[in-house]
Amino acid sequence: MHKVGIIGLGNVGSTLSNNLVQSGAVDELVLIDKRKDKLLADKLDLEDSFAASGHFVTIKTNDYTELSDAELVVISVGDIKAYFGDNPDRWVELAINRKNVIEISQQLKKITFSGIIIVISNPCDAITTLLQKELNYPTDKIFGTGTLLDTSRLKRQLWQETGIAPSSLSGYVLGEHGDSQFIAWSTIDDVLLSGIERTHFEESVRKGGQAVFNGKRYTNFAIAKCCQQLIEAVFQDSHSIYPVSTYHQEFGVYISYPAIIGRKGILSTYPLSLNTEEEKKMQLSAQAILSKTSSK
């Protein structure tokens, strides 16, 4: 029996809920959101799909006590309208989600939840760091989606350049899920890099979500699918390797790096042979996250 809680039923949380129901990956869902009308609508809409999907899921709403025996909780709170101003970036939600972290932590501390926590909320690395500290939670049991989405965007770009299926391509985007991220070119097969203008390519990957956002004022499909991958890696104890926002003792902050994921969460990081320039970019990215996470 797989039981998952999703806190925050915006575009991403709702899409993830539907993914989990349609895939048959969960037996129980606990959906939590302050917007009661939206929450009820999502619940009814999901239940209306049961007859067509062939999967039955018990869905409960706005009851933190139901998370006590959940295997996993996803944090997907935020306010997409915060991005509607001039020149928004992922840090625009920091103040909003800092408050959400405190509220969610207060609720989780009242119950006996001890499962895995996956953070989607932006700025992902900072919010994962703040939530772990607020809960005083084991660092291996809480992680963020981090640059898994950015790595997926990298593979889309490589596919468009090479014609090779994204699922067959290697390579990672590392560091912050934000402006200081970088492509670890040393992790990509040299054969694929012939003719690629790296500066333009890296900028396209970094801003890959902006084109999606500009068209519909939110992103949802890819990030929800990435989170579903991580949930299934936990459920299946698959020991799969994904670039996720995980705690690094040397930096004192969560930052994306390949990690082995299984039933107990982050089992270990997967060592890469980064070159000197990439190591420096990793440090600079960690400093960027730490400086903004520490500020009030």
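Atom set for the values below is all heavy atoms of this structure, side chains included, hydrogens, waters and symmetry mates excluded.
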The reported gap from CD in Glu47 to CD1 in Ile59 (rounded to nearest 0.5 angstrom) is 5.0 Å
Is there a donor in the side chain of Trp185 and an acceptor in the side chain of Glu277, or the other way round, less than 3.5 Å apart? no
Is the backbone N or O of Gly146 less than 3.5 Å from a side-chain atom of Tyr254, with the two atoms forming a donor-acceptor pair by type? no
Just so I know, are the side chains of Arg217 and Tyr83 near enough to count as touching, which here means a heavy-atom distance under 4.5 Å? no
Answer yes or no: is there a donor N or O on one side and an acceptor on the other, between the side chain of Thr15 and the main chain of Asn11, under 3.5 Å? yes
Name of the residue among His177, Lys292, Gln181 meeting side chain to side chain contact (heavy atoms under 4.5 Å, CB included) with Asp125: His177
Checking Glu232 side chain against Gln229 main chain: does a donor-acceptor pair fall under 3.5 Å? no
Quickly, which of Asp69, Thr58, Asp27 forms a side-chain hydrogen bond (donor to acceptor under 3.5 Å, both in side chains) with Lys3? Name it, please. Asp69
For side-chain contact (heavy atoms from CB on, under 4.5 Å), just list the numbers for Phe201 and Leu154, CA-CA rounded to whole Å, side-chain angles, deciding distance to a tenth of an Å, and then say yes or no. CA-CA 9 Å; Phe201 202 85; Leu154 165 65; 3.5 Å; yes
With under 30° as parallel and over 60° as perpendicular, where do the rings of His2 and Phe235 fit, or are they tilted in between? parallel
Do Tyr270 and Leu267 belong to the same hydrophobic cluster, where Ile, Leu, Val, Met, Phe, Trp and Tyr are linked whenever their side-chain heavy atoms lie under 4.5 Å apart, directly or via other members? yes
In terms of hydrophobic clusters joined by side-chain contacts under 4.5 Å, are Leu148 and Tyr172 together? no
Between Leu290 and Ile255, is there a side-chain heavy-atom distance shorter than 4.5 Å? no
Heavy-atom pair with the smallest gap, counting every atom of Phe251 and Ala286: CG-CB, 3.5 Å
Less than 4.5 Å apart, any side-chain heavy atom of Leu174 and any of Thr187? no
Check the pair Leu94, Leu130 against side-chain contact (heavy atoms from CB on, under 4.5 Å), reporting the backbone distance first and the verdict last. CA-CA 10 Å; Leu94 178 59; Leu130 293 171; 4.1 Å; yes
Could you check whether Ser49 and Gln22, counting side-chain N and O atoms only, form a donor-acceptor pair closer than 3.5 Å? yes
Any donor and acceptor pair, going by atom type alone, linking the side chain of Lys225 with main-chain N or O of Asn19 inside 3.5 Å? no
Taking C-beta and beyond as the side chain, do Tyr218 and Val12 meet within less than 4.5 Å on heavy atoms? no
Smallest heavy-atom separation, Ala288 atom then Glu176 atom, equals CB-OE1, 4.4 Å
How many angstroms lie between atom CD1 of Ile142 and atom OG1 of Thr128, to the nearest 0.5 angstrom? 6.0 Å
Is Leu149 reachable from Val173 through a run of I, L, V, M, F, W or Y residues, each pair having side-chain heavy atoms under 4.5 Å apart? no
Shortest non-hydrogen separation from Ala184 to Leu274 and the atoms involved: CB-CD2, 4.1 Å
Donor-acceptor contact present, side-chain Asn97 to main-chain Asn100, <3.5 Å: no
Leu39 CG to Leu31 CG distance, which is reported to the nearest 0.5 Å: 6.0 Å
Shortest non-hydrogen contact between Leu131 and Ser105, atoms and distance: CD1-OG, 3.4 Å
Can you find a heavy atom in the side chain of Asp42 that is under 4.5 Å from one in the side chain of Ser17? no
Full working for side-chain contact (heavy atoms from CB on, under 4.5 Å) between Gln157 and Arg153: CA-CA 6 Å; Gln157 297 268 22; Arg153 289 171 177 157; 5.6 Å; no
Check for a donor-acceptor pair, side chain of Ser68 on one end and backbone N or O of Thr65 on the other, with a separation under 3.5 Å. yes
Is there side-chain contact between Leu284 and Lys280, with at least one heavy-atom pair below 4.5 Å? yes
Do Thr145 and Cys124 have side chains that get closer than 4.5 Å, going by heavy atoms? yes
Main-chain N/O of Ile261 paired to Ser240 side chain as donor or acceptor, under 3.5 Å: no
Non-hydrogen side-chain atoms of Val212 and Phe221 separated by less than 4.5 Å: no
Point-to-point distance, once rounded to the nearest 0.5 Å, from NE2 of His55 to CG of Leu20: 11.0 Å
side-chain contact (heavy atoms from CB on, under 4.5 Å) between Gln228 and Leu16, intermediate numbers included: CA-CA 7 Å; Gln228 182 184 351; Leu16 176 61; 4.2 Å; yes
Any sub-3.5 Å donor-acceptor pair from Ser121's side-chain atoms to Gly78's backbone N or O? no
Could you please spell out the steps behind the side-chain hydrogen bond (donor to acceptor under 3.5 Å, both in side chains) verdict for Gln283 and Gln287? CA-CA 6 Å; Gln283 293 173 358; Gln287 289 169 10; 5.4 Å; no
Evaluate the ring planes of Tyr137 and Phe113, with Trp represented by its six-membered ring, and classify them as parallel (under 30°), tilted (30 to 60°) or perpendicular (over 60°). parallel
Answer with yes or no whether the hydrophobic clustering places Ile6 together with Phe56; edges join I, L, V, M, F, W, Y residues whose side-chain heavy atoms lie under 4.5 Å apart. yes
Does atom NZ (Lys81) have a neighbourhood of more than 12 heavy atoms from anything else shown, all under 6.0 Å? no
Taking Leu9's backbone N and O only, do any of them form a donor-acceptor pair with Asp33's side chain (distance below 3.5 Å, no angle check)? yes
Using the rule given for salt bridge (Lys or Arg N to Asp or Glu O under 4.0 Å), can you reason through Glu203 versus Arg206, listing the C-alpha separation, both sets of side-chain angles and the distance that settles it, and then say yes or no? CA-CA 5 Å; Glu203 187 70 5; Arg206 182 181 294 109; 2.9 Å; yes
If you round to the nearest 0.5 Å, how far is CD of Gln236 from CZ of Arg263? 9.5 Å
Do other residues, nucleotides or ligands put more than 12 heavy atoms under 6.0 Å from Gln249 CD? no
State, to 0.1 Å, how close Gly8 and Ser76 come at their nearest heavy-atom pair, and which atoms those are. O-OG, 2.6 Å
Pairwise distance CD1(Ile75) to CD1(Ile127) - rounded to 0.5 angstrom: 10.5 Å
Would you kindly say whether Ser14 and Lys38 are connected by a side-chain donor-acceptor distance under 3.5 Å? yes
Glu103/Lys99 salt bridge by N-O under 4.0 Å criterion: no
Taking all atoms of both residues into account, what is the closest heavy-atom pair of Tyr242 and Leu230, and its distance? CD1-CD2, 3.6 Å
Glu66 side-chain N/O to Thr61 backbone N/O, donor-acceptor pair under 3.5 Å: no
For residues Val73 and Ile231: do they belong to one hydrophobic cluster (side chain heavy atoms under 4.5 Å, members Ile, Leu, Val, Met, Phe, Trp, Tyr)? no
Asp48, CG: over 12 other non-hydrogen atoms inside 6.0 angstrom: yes
